[in-house]
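Model, not experiment: these values are computed from the prediction. Sequence lines set the chain letters: A, B, ... in the order given, protein chains first and strands last, and positions in each chain run from 1.
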Amino acid sequence: MRSSVPPPGGSELSNGRAIKAVRLRHPVRNIFAAIIVVFVVAFVYDAALRPAFNWPAVGKYIFDRRISEAAVNTLQLTVYSMVIAIALGVVLAVMRLSPNPVFKSISWFYLWIFRGTPVYVQLTFWGLLSVIYPMINLGLPFLNPFITLPTGDALNVFQLAIIGLALNEAAYLAEIVRAGILSVDRGQDEASTALGMTWAQTMWRIIIPQSMRVIIPPIGNEVISMLKTTSLVTAVPYSFDLFTRSRDISAETFNTIPLFLVASLWYLAFTSILMIGQYFLEKRFARGVGAAPPEKRITITTGIVPVVGAAEEDPEAQPSDGRRGGTP
Amino acid sequence: MNDVLMVDADRVSKSFGSNQVLKGISLTVKRGEVMCLVGPSGSGKSTFLRCINHLETVDAGRLRVDGILVGYREKDQILHELKPREAALQRRDIGMVFQRFNLFPHMTALENIIEAPMRVKKTSKAKAVERARELLARIGLADKADSYPAHLSGGQQQRVAIARALAMDPKLMLFDEPTSALDPELVGEVLDAMKKLAQEGMTMIVVTHEMGFAREVADSLVFMDGGVVVESGDPRQVLTNPQHERTRSFLSKVL
């Protein structure tokens with residue numbers, strides 16, 4: 001009846017019987033969790049009653065028209081600048097890795113400048129753009145420009161804020177994208193080259209889609225970071241983002257703490273939404289890689305593997321409540 | 001004579017830095033011929049194979065595929081490097097199969113096969129899919145069209161890789177140790193697919209350690225060592241009665 005070769009059907013069965021084993025207990029883990037719960041409850045209870053937090057004021061301002069409009073502005077700043085930054089970041093990364101030495105140098109120089117100076121300083125410079133370059137002229141050298149525009153008319157502070165945030169972020173994203181591209185096996189490049197695909201086709205069709213799996217988690221990080229970096233646009237000076245608006249209101253009403261709580265709650269809400277989006281993006285780009293067939297997947301139940309041997313000793317001695325009793 | 005030669009290598013040399021990997025390889029492959037390249041690792045077989053479709057550039061000598069110089073254009077006795085686009089154009093008629101398959105992991109078997117015909121040859125999707133299904137049926141993987149490479153065994157992946165190369169209707173197929181990364185029991189299915197291809201008249205150059213395949217399928221066998229061709233000829237003759245000491249000592253280790 002018993003043989004050294006396990007029966008077909010996997011490790012779930014031994015001698016045809018399902019395993020009933022005592023689950024591994026984690027007493028230290030439970031005690032630790034209990035202590036933390038006590039601390040959290042105490043903190044929340046205290047915070048709820050602490051007058052400094054002024055919860056009624058939080059409730060009053062959380063959906064205040066000015067705040068919710070500022071929240072939308074912050075979201076717009078984040079999304080627009082991030083979209084531009086990703087596009088520019090990919091271009092910069094591809095340039096950095098291209099065989100063209102001119103592209104390589106341009107990309108390197110861009111990164112040197114934009115990573116080497118604080119974003120707050122960069123935003124200030126963008127705010128001063130119309131002072132430095134009062135007129136925008138479009139045309140060819142030695143000819144009269146086709147279009148001449150005062151800089152201040154062409155770009156408002158909102159647009160300048162987006163440009164400032166995007167150009168700074170692009171430098172960081174370029175490095176993330178470059179790391180992602182380098183993570184793709186060289187054989188992929190060779191295979192598509194051998195098929196007669198051009199360098200550009202290889203990049204866009206083969207290399208970049210595969211690098212996305214590596215790129216997305218850090219980009220998710222950067223989006224969240226960007227959401228909060230938008231609070232610096234006051235340097236431009238743009239003053240209708242969530243943080244600056246909250247600060248301005250609190251300066252009038254002298255209730256700083258509840259208004260910063262309001263801003264924090266909005267930032268948290270947006271961050272939560274972005275994290276959900278990241279989850280779905282990651283799933284999309286895990287195609288063919290994360291999806292190992294069930295038989296190749298590692299299961300967490302591997303932790304109870306030794307119990308299989310115990311069960312094999314005497315499968316009859318398994319009381320129905322799941323506890324392994326003594327040998328009858 | 002020259003117009004029947006699919007590959008014509010004349011004293012081809014290649015160095016990586018100070019390391020000369022190929023030291024004047026001269027050999028020819030006729031149309032419809034199956035040639036096996038054997039030799040110890042580091043002998044330059046794979047490098048030579050990669051020179052044929054210009055994955056590596058040749059430093060010295062001339063290498064012609066189907067009468068056309070690889071990687072360069074000769075004008076008034078002066079060689080001009082080809083533009084990347086022109087090099088890509090040369091490669092599309094040369095299929096290559098790699099030791100590690102190099103299937104695109106983010107695409108299904110079918111998508112792997114239709115990618116190059118659609119992007120490079122601008123074949124319509126319907127036509128490319130039809131041809132891909134035909135190729136998958138030929139290698140016995142019709143039911144795996146929608147599987148990702150990660151869900152296929154090594155042997156199945158390598159057969160899909162062969163189908164992917166064939167989808168470009170190549171006039172020459174290069175195999176770079178196509179069975180070296182496979183579990184022993186999966187080697188047979190890949191060799192069978194290659195044998196079938198040889199019987200259909202495909203011109204093939206196969207870098208391999210499978211001497212049985214060389215004996216049975218190849219028209220010629222070339223033994224390389226240290227970047228030079230040591231011995232070449234009919235595989236049955238070379239394998240049973242090697243003329244050079246180096247060939248003998250290599251074969252005694254692998255046979």
Side-chain angles (χ1 to χ4, degrees), chain A residues 90 94-95 97-104 177 180-217 219 280-298, chain B residues 46 49-50 52-56 83-109 111-122 146-153 160-161 164-170 172-176 181:
Chain A
V90 171
V94 170
M95 279 168 75
L97 292 170
S98 89
N100 183 330
V102 179
F103 282 170
K104 257 188 205 167
V177 173
I181 290 173
L182 290 176
S183 76
V184 177
D185 180 30
R186 261 196 64 77
Q188 294 292 309
D189 183 19
E190 286 185 353
S192 69
T193 306
L195 283 166
M197 292 170 78
T198 61
W199 184 81
Q201 282 172 330
T202 302
M203 267 295 168
W204 298 117
R205 293 290 306 168
I206 308 300
I207 308 294
I208 291 188
Q210 287 184 59
S211 65
M212 290 306 266
R213 207 170 51 86
V214 177
I215 291 172
I216 286 174
I219 284 194
F280 284 106
L281 266 180
E282 278 180 27
K283 262 180 89 173
R284 169 81 171 77
F285 284 103
R287 272 176 315 161
V289 206
E295 68 272 16
K296 286 188 186 167
R297 240 173 256 157
I298 297 165
Chain B
S46 290
L49 203 67
R50 293 159 59 83
I52 295 176
N53 69 349
H54 199 43
L55 283 180
E56 306 288 354
K83 289 178 191 157
R85 199 166 282 278
E86 295 168 319
L89 210 63
Q90 283 189 343
R91 286 191 195 102
R92 56 189 247 182
D93 294 333
I94 304 170
M96 187 156 187
V97 175
F98 300 86
Q99 182 178 354
R100 311 209 61 87
F101 330 134
N102 296 353
L103 287 179
F104 307 135
H106 59 306
M107 297 180 180
T108 63
E111 287 167 345
N112 262 281
I113 299 173
I114 64 174
E115 180 67 15
M118 280 173 59
R119 306 282 153 188
V120 179
K121 282 191 161 179
K122 312 290 177 202
D146 298 321
S147 299
Y148 285 100
H151 295 193
L152 300 174
S153 74
V160 171
R164 178 175 69 175
L166 290 177
M168 291 296 284
D169 297 313
L172 169 67
M173 283 284 284
L174 309 173
F175 292 86
D176 189 4

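- Remark: the backbone N or O of A/Ile206 is not paired with any side-chain donor or acceptor of B/Glu115 at under 3.5 angstrom.
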Apply side chain to side chain contact (heavy atoms under 4.5 Å, CB included) to residues B/Met96 and A/Glu190 and explain how you reach the verdict. CA-CA 10 Å; B/Met96 187 156 187; A/Glu190 286 185 353; over 6 Å; no
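- Residue A/Gln201 touches chain B through its side chain alone, counting heavy-atom pairs closer than 4.5 Å.
- Between A/Leu195 and B/Arg164 there is a side-chain heavy-atom pair separated by less than 4.5 Å.
- Using a 4.5 Å cut-off between heavy atoms, B/Gln90 does not touch chain A at all.
- No donor-acceptor pair closer than 3.5 Å links the side chain of B/His106 to the backbone N or O of A/Ala286.
- Under the 4.5 Å side-chain criterion, counting only non-hydrogen atoms from C-beta, A/Asp185 is in contact with B/Asn102.
- Looking at B/Arg119, both its backbone and its side chain come within 4.5 Å of chain A, counting heavy atoms on both sides.
- Atom CZ in B/Arg100 sits 12.0 Å away from atom CD in A/Gln188 (nearest 0.5 Å).
- A 6.0 Å sphere centred on NZ of B/Lys121 holds more than 12 heavy atoms belonging to other residues, nucleotides or ligands.
- A donor-acceptor contact shorter than 3.5 Å is absent between the side chain of B/Asn53 and the backbone of A/Ala194.
- Here A/Ser192 is the residue among A/Pro99, A/Ser192, A/Ala200 with the most heavy-atom pairs under 4.5 Å with chain B.
- Neither the backbone nor the side chain of A/Arg186 comes within less than 4.5 Å of any heavy atom in chain B.
- Contacts between B/Leu89 and chain A at a heavy-atom distance below 4.5 Å are absent for every atom of the residue.
- Here the shortest heavy-atom pairing between A/Thr198 and B/Ala88 reads CG2-CB, 4.5 Å.
- The contact between B/Phe98 and chain A is made entirely by side chain atoms (from C-beta outward), counting heavy-atom distances below 4.5 Å.
- Residue B/Ile94 touches chain A through its backbone alone, counting heavy-atom pairs closer than 4.5 Å.
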